[in-house]
Amino acid sequence: MSTQRKQYPFPEFEAKWQKHWLDKKSFRASNPGDADFDAKKPKYYVLDMFPYPSGDGLHVGHVEGYTATDIIARYKRMNGFNVLHPMGWDAFGLPAEQFAIKTGQHPRVTTERNVARFREQLQGIGFSYDWDREVSTTDPEYFKWTQWIFLKLYNSWFDPAQNKARPISELITQRKSELPNESETEHRAFLDSKRLAFVSEVPVNWCPELGTVLANEEVVDGKSEVGGFPVERRPMRQWMLRITDYAERLISELDGLDWPESIKLLQRNWIGKSEGAQAKFDIADSAAEIEVFTTRPDTLFGATYMVLAPEHSLVDEIITEGQKAAVAEYRKKVGSKSDLERTDLAKDKSGIFTGAYAINPVNEERIPIWIADYVLMGYGTGAIMAVPAHDERDWEFATQFGLPIRQVVAQEPPTSGTVCDMPPAECFKEIGYAVNSGFLDGLKTPEAKQKMAEWLEVKSLGKRTINYKLRDWLFSRQRYWGEPFPVVWAGRQHQALEESELPVVQPEMEDFKPTGTAEPPLAKAKDWVRYSDKLQRETNTMPQWAGSCWYYLRFCDPKNAGRFIGEEAERYWAQGTNSKTHGGVDLYIGGTEHAVLHLLYARFWHKVLFDLGYLSTVEPFQRLINQGIILGPDNQKMSKSRGNVVSPDTVIAEFGADALRLYEMFMGPLEQMKPWSQKGVEGVYRFLARVWRLAMEENQEGDWTVSPALKEMEMTPRQLKVVHATIKKVTEDIEKLSFNTAIAQMMICVNEFASSEERPVEMLRVLLRILSPLAPHLTEELWEILRGKFSGFEGLASQQTWPTYKEDYLLEEEVEIVLQVNGKIRDKILISKNATKESTEEAAMSNPKVKEGLEGKTVVKVVVVPAKLVNIVVK
RNA sequence: GCCGAUGUGGCGGAAUGGCAGACGCAACGGACUUAAAAUCCGUUUCCGGGAAACUGGAGUGUGGGUUCGACCCCCACCAUCGGUACCA
């Protein structure tokens, strides 16, 4: 096949037009202040999730999303928009560093090589990016601003009263006036407890194989997401970002976004809001108290024991002499468990009695305090009241250890005086009616919750609370190939560098292998680490997410040396088309793998920058679409090990970039998972060849010349109808991102003309324009060829205005009506489009086939849908 | 377990209350050709009847329901894929 003559000369003209577009900057977007900026043009920002430039090159999965955005970008330009359609590189990251270690090359070298390859591949598909705006997260001119944003986080705090971030300087002033005599150490400790970027000694996910800590999000089933290496918990001092302060806004501000509901739900679940109450339990023979969080305060009368997380600080304080050894042993055992073991053993509960008792505040009952690893230190207060009758985990634990179970919620409202005191046969988690619960008895669960919460508040024993699953974001990594922190240390005290010292660039190092300890590779660059006599540089680097948190902003003003984004550019590009406050990115397309992580982190940074007055919108991405995964031809996920990976390069070599683009869009709905088919590519390739031959034919010498069948002539009503129906359908389908059906309609249109002896040129003036966003090279070439021969082919096809359709051509005088008897089709008739209901019904009743169906039956009802159908119901 | 998505010919899919299978692939038949490729024309959901134009029946994962009418709306279930997992 590959040695065969191509059905149209794409190898020549595709390269030609790619070069032309690039040289002439045909798709440059202009910024406010540019000489050619036109303020009257509406703006449209259409963005891809920029790739990590891996050594494998571009994947057909990338091409799918990128083609979709490219079609929209080209379509919007043709509709008069100033379109921002940029591309860049998320080029920091572990694979580059590991490859560098393996081959002994500097990651910057391999990264640059990979970027060059990706750029060449993308340009070889004819994507209409504004290449003047290309950015890379690894460029010091870029990460200077990533570090700058970190400084903003470091120098800010979240004010719950205003529900927004504010500069830390305001807090310093406030604190100094409130506590003028506070010591410097205490003052610093207070500030550090408020900063949005802070250092904390926390149990982290340490991956010995990778020599780094990982975010919770990067750990899958107890293994690293990258490489699948085992991950263990260990406490380490790490940089954290206080994303939890934004939990509520990250949920509520999703509302105005035009995102798939399933993705919003994924984010909501990840943040995991739950409403309930906090309650204090006294400890018998001790001054200490245990604070617990519960979503079911109505079940307080059913709390028959308590559980502390093994790491809970109260354990040492309350433990009785006799239990010390046993508890110590249990804690040791739990501590050595990896996350994997913890989940593996989730079936069997384990725990141990501390010997201490708490007092249930509602009934003064003494209940035992246990420790168990099914209670997590990181959620709520790290302690629970156990209500085995109404919580499955507590039920399992109580059953296993023989602890009492008391029913306090009944499915049915209790009838007077028949409260059963027997332990229930199974766990009842649903809502119902309070029983055995003193002042709550008889109340429905929601009311009982309410009443108990009020009771706790009145007695000062607790209060209504909201808890989130979301944890603060672990923001440091022990890697070389990442953004260094703009931070120095004086002993145990950190301090931020001045903005003027940015960027902080990694030192050139021969050896950036992991140290095998918790110490990052940068620590080995002693000269670099030594900042001054007293100060040492921070040696951790930022995670890969950092650079991708704000790249969409940099694209708006990529060359600005004085600001991360210019104010004017921000106001122009970063504001939504439909809303001033939401979503400057009008359309964002990428894979679901970023549904929680990247999108949550980017939203968080965006909100902080908004709060601090640097941005004018609260949300970055107005509309989000996830493209579906492309499977291999064997219906399996593409992977090197399966050997079913399809490379865009080979497809282009054989069928051209237009065919690749068109096939990716013709496969099926963008958001759906679908398998690759070589035959399918050939199908769209044939279609493109047919379009080519509408205008061209081969002469004796085998050269392509303009077809003599092409004539300046009137279209027949039938042809007008097809052409205008096609404009309509393609326009509507592109707006809906329903590219597969848009292509199908264009195929219908081409089939209509392909076999005609004489072909009207007007048809090509329309078709080449509406096909241009999908197959830009072929249409550009034909447009140019026809320029000399016919009028109306001036300029570039890709810079034409989008055609409009006339509704008049779509309607015919007569419409086909379906005649049904009892829902079964009897006949189809043609009838005037203006026929009344009555005359339509009359025509149906007098139809011979309908009459046949009515014989010997009684007409019960006649349903007439004008211009569509008549259904006669008989008995 | 929980949450979400999907289920239509041999295959990818179309139609989202009104002619199920648009468009494409594959297959089969034909034209062109010394031959092949390419191209063009035709047939193609399944089962049955007919030499044929045709004609009878069934049909959108399964079972129920709403409706004159359901791939589409409602209820229950099954399967596949994805997310998540002791979050009190």
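Residue numbers begin at 1 in each chain, while the letters A, B, ... track the order of the sequences.
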Quick check for you: among [options], whose closest atom lies nearest to any side-chain atom of [X]?
X       : options                : answer
W270(A) : A88(B), U84(B), G4(B)  : U84(B)
L265(A) : G4(B), A26(B), A58(B)  : G4(B)
L376(A) : G18(B), C3(B), A88(B)  : A88(B)
K861(A) : G13(B), C68(B), C40(B) : C68(B)
V375(A) : C25(B), C23(B), A88(B) : A88(B)
Q7(A)   : A88(B), G24(B), U39(B) : U39(B)
R693(A) : C23(B), G12(B), U39(B) : U39(B)
K868(A) : C81(B), G4(B), G18(B)  : G18(B)
K349(A) : C23(B), C86(B), A88(B) : C86(B)
N269(A) : A88(B), C41(B), C3(B)  : C3(B)

Any side-chain heavy atom of [X] sitting closer than 4.5 Å to one from [Y]?
X       : Y       : value
M385(A) : F281(A) : yes
W676(A) : E664(A) : yes
V375(A) : H312(A) : no
K728(A) : E732(A) : yes
W692(A) : W704(A) : yes
Q450(A) : R464(A) : yes
L599(A) : W259(A) : yes

Considering every strand and a 4.0 Å limit on heavy-atom distances, what is the contact class for [X]: base, sugar-phosphate, or nothing?
X       : result
M385(A) : nothing
L266(A) : sugar-phosphate
T592(A) : nothing
N467(A) : nothing
G683(A) : sugar-phosphate
S262(A) : sugar-phosphate

Between the protein and nucleotides 28-36 of chain B, which nitrogen or oxygen pairs are less than 3.5 angstrom apart?
none

Exercise for the section: Flag the pair D255(A) and R268(A) as a salt bridge only when some basic side-chain nitrogen lies within less than 4.0 angstrom of an acidic carboxylate oxygen. Expected result: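 R268(A) and D255(A): salt-bridged.
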
Handout entry: Check ion pair E698(A)-R693(A) (N to O, under 4.0 angstrom)
Key =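 Salt bridge absent between E698(A) and R693(A).
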
Exercise for the section: Decide if atom CD of E816(A) counts as having more than 12 heavy atoms of other residues, nucleotides or ligands within a radius under 6.0 Å. Expected result: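 Counting other residues, nucleotides and ligands, CD of E816(A) exceeds 12 neighbours.
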
Fill in the blank from the handout: Output field dot_bracket for RNA chain B (Watson-Crick or G-U, both distances under 3.5 Å, | for other-strand pairs) contains (((((((..(((.....[....))).(((((.......))))).(((((....)))))..(((((..]....))))))))))))....

Practice task
Give the ring-plane orientation class for F401(A) versus F397(A), where under 30° counts as parallel, over 60° as perpendicular and anything between as tilted.
Solution key: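 The arrangement is tilted - the two ring planes meet at 30° to 60°.
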
For atom [atom1], what is the distance between [N] and [M], given to the nearest Å?
N      : M      : atom1 : result
A27(B) : C81(B) : P     : 30 Å
G29(B) : A22(B) : C1'   : 24 Å
A53(B) : U62(B) : C1'   : 40 Å
A20(B) : U45(B) : P     : 14 Å
C28(B) : U33(B) : P     : 23 Å
A70(B) : C54(B) : P     : 27 Å
G82(B) : C75(B) : P     : 27 Å
U16(B) : C74(B) : C1'   : 15 Å

Exercise for the section: Assert yes or no for the condition that the ring centre distance of F655(A) to Y663(A) is strictly below 6.0 Å. Expected result: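 Not close enough - the centres of the two rings lie 6.0 Å or further apart.
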
Exercise for the section: Verify whether one side chain among T741(A) and D733(A) offers a donor that lies under 3.5 Å from an acceptor in the other. Expected result: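 D733(A) and T741(A) do have a side-chain donor-acceptor pair below 3.5 Å.
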
Handout entry: Side-chain H-bond candidate by donor/acceptor type, D472(A) with T244(A), under 3.5 Å
Key =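 Yes.
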
Problem - Residue mapping more 5' on RNA chain B - nearest nucleotide basis, P675(A) or A689(A) - result: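 Final value for this comparison: P675(A).
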
Handout entry: Nearest-nucleotide comparison on RNA chain B, the residue closer to the 5′ end among K637(A) and K679(A)
Key =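 Per heavy-atom nearest nucleotide, the more 5' residue is K679(A).
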
N/O contacts under 3.5 Å, protein versus nucleotides 19-22 of chain B?
from: C19(B); atom 1: O2; to: K828(A); atom 2: NZ; distance (Å): 2.3
from: C19(B); atom 1: N3; to: E816(A); atom 2: OE1; distance (Å): 3.3
from: C19(B); atom 1: N4; to: E816(A); atom 2: OE1; distance (Å): 2.9

Problem - Distance below 4.0 Å between S274(A) side-chain N/O and A88(B) OP1 or OP2 - result: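 Looking at the OP1 and OP2 atoms of A88(B), one of them is under 4.0 Å from a side-chain N or O of S274(A).
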
Handout entry: R686(A) vs C25(B): side-chain N/O to OP1/OP2 distance below 4.0 Å
Key =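 It does, given that an N or O in the side chain of R686(A) lies less than 4.0 Å from OP1 or OP2 of C25(B).
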
Practice task
State the syn/anti category of G9(B) according to its glycosidic angle, syn meaning within 90° of 0.
Solution key: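 That one's syn.
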
